[in-house]
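The next block holds one structure in the form of structure tokens; read it before the comments.
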Amino acid sequence: MDRRRLIVAALSVPWISLYAAQASTGVDARVLFVGNSITAANDLPAVFRALAAAYGRPCRTQELLRPGAPLDAFVADGSLERRLRAEQFSHVILQERGGDYLCAFGPASCEIALRALSAAAGAVRQTGASPLLLGSYQLNPRVAAGLESAEHEAAAAAGVAHINVSAPLLRGRQHRPDARWLATDGHHPGADLTLLMAALVHDAVLGQAPRALPDGLSVPRAGAGPLNFTADAVTTVLRAMDARQGAS
């Protein structure tokens, strides 16, 4: 076998082993969520898992989460690399703090965030998994537009798909301002925003936009009571996603 074929064979190993692992366990995707309290609030991985199961697309998830932590923290201390070595994933959802790409934590925070996303994405791709940047959100439309643009540019520079959250959230609030978009602290995601993010991740990872659920959705959570969504809550989220797709 010549050198070129050896290189092609070596590059294909992670994908072959990943396909075999998924086929043998009957799961459609293995997803690692990396982030902070935006992801941890209401247990986004559990909501995504329950949503995928409701549509007959079983997935497994793992978490690497710390309240208030920037993405750079997981790169600098090696915890992301260790987790990637410990288990094979098909997708890794990377979530940065809300203002890092807008330099909200100081002039250097933008540069640090960009380097961290590039390094994290590179580490993920080396394992054969697909990295995705899960956006954050702002309620002020002008600030939200700037955040969306900054996140999109950061994702493009790192070669990462961007899951936009701000735009569908704003449109969802226009349709149903009384929905559970924010937690009582006014900053963290409320239950319906977590459901919206789970639906967006479902679309990005599985290539399938969620459909209406006449019976709603009940999400079991470890160490907490179930998180329940009515059929109307699911429909509200789907309308927010439709608005996003119509505007793109």
Side-chain angles (χ1 to χ4, degrees), residues 11 14-15 18-19 22 27-36 38-39 44-45 47-49 51-52 55 57 59-65 70-72 74-75 80 83-84 88-98 100-102 110 113-138 144-169 171 189 193-210 237-238 240-248:
L11 290 173
W15 295 101
L18 177 60
Y19 174 80
Q22 290 181 191
V27 299
D28 280 25
R30 293 175 177 266
V31 185
L32 173 64
F33 287 81
V34 182
N36 49 63
I38 296 176
T39 297
L44 173 59
V47 178
F48 163 74
R49 210 165 49 241
L51 194 63
Y55 298 119
R57 304 290 301 272
C59 296
R60 290 190 178 179
T61 64
Q62 291 289 332
E63 306 167 16
L64 187 57
L65 307 175
L71 188 57
D72 178 64
F74 304 104
V75 174
L80 173 59
R83 184 62 66 89
L84 292 173
Q88 195 157 35
F89 301 97
S90 59
H91 301 78
V92 178
I93 308 299
L94 303 169
Q95 174 252 309
E96 186 58 274
R97 293 183 301 181
D100 279 276
Y101 295 121
L102 293 177
C110 289
L114 291 172
R115 287 201 307 263
L117 180 59
S118 180
V124 170
R125 281 191 290 264
Q126 284 183 354
T127 69
S130 297
L132 300 94
L133 175 64
L134 177 61
S136 53
Y137 51 89
Q138 288 287 335
L147 176 63
E148 177 184 346
S149 177
E151 288 176 346
H152 182 77
E153 290 178 8
V160 177
H162 174 220
I163 302 175
N164 179 21
V165 175
S166 273
L169 169 60
R171 296 184 178 104
L193 176 51
T194 298
L195 179 62
L196 174 59
M197 291 192 291
L200 292 167
V201 171
H202 185 285
D203 192 5
V205 168
L206 299 174
Q208 175 186 11
V237 163
L238 297 183
M241 292 182 67
D242 287 340
R244 171 190 63 88
Q245 292 163 357
S248 60

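Basis for what follows: all heavy atoms, side chains included, without hydrogens, waters or symmetry-related copies.
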Check whether any side-chain heavy atom of Leu51 lies under 4.5 Å from a side-chain heavy atom of Arg49, and answer yes or no.
-> no

How far apart are the closest heavy atoms of Pro210 and Leu238, and which atoms are they?
-> O-CD2, 3.4 Å

Test item: Val92 and Ser130 side chains (from C-beta on) under 4.5 Å apart, heavy atoms = no

Exactly one candidate in Glu151, Gln95, Glu148 meets side chain to side chain donor-acceptor pair (under 3.5 Å) with Ser136; the answer is Glu151

Closest heavy-atom contact between Val47 and Ala198?
-> CG1-CB, 3.6 Å

Which atom names give the shortest non-hydrogen contact between Thr39 and Pro45, and what distance separates them?
-> O-CD, 3.9 Å

Please assess Gln208 against Arg57 for the test side-chain hydrogen bond (donor to acceptor under 3.5 Å, both in side chains), listing each intermediate value before the final yes or no.
-> CA-CA 10 Å; Gln208 175 186 11; Arg57 304 290 301 272; 2.9 Å; yes

Please round to the nearest 0.5 Å and tell me the distance separating atom CG of Leu44 and atom CG of Leu200.
-> 10.0 Å

So, for Arg97 and Pro70, which heavy atoms are closest and what is the spacing to 0.1 Å?
-> NE-CB, 3.6 Å

For the student: nearest non-hydrogen atoms of Ile38 and Pro189, plus distance | O-CG, 3.6 Å

So, do Phe89 and Thr127 sit near enough that their side-chain heavy atoms are less than 4.5 Å apart?
-> no

Check whether any side-chain heavy atom of Leu80 lies under 4.5 Å from a side-chain heavy atom of Leu32, and answer yes or no.
-> yes

Any side-chain heavy atom of Thr194 within less than 4.5 Å of one from Phe48?
-> no

Measure the shortest side-chain to side-chain distance between Leu84 and Val124 over non-hydrogen atoms and say whether it is less than 4.5 angstrom.
-> yes

Closest non-hydrogen atom pair between Pro131 and Val160, with its separation | O-CG1, 3.4 Å

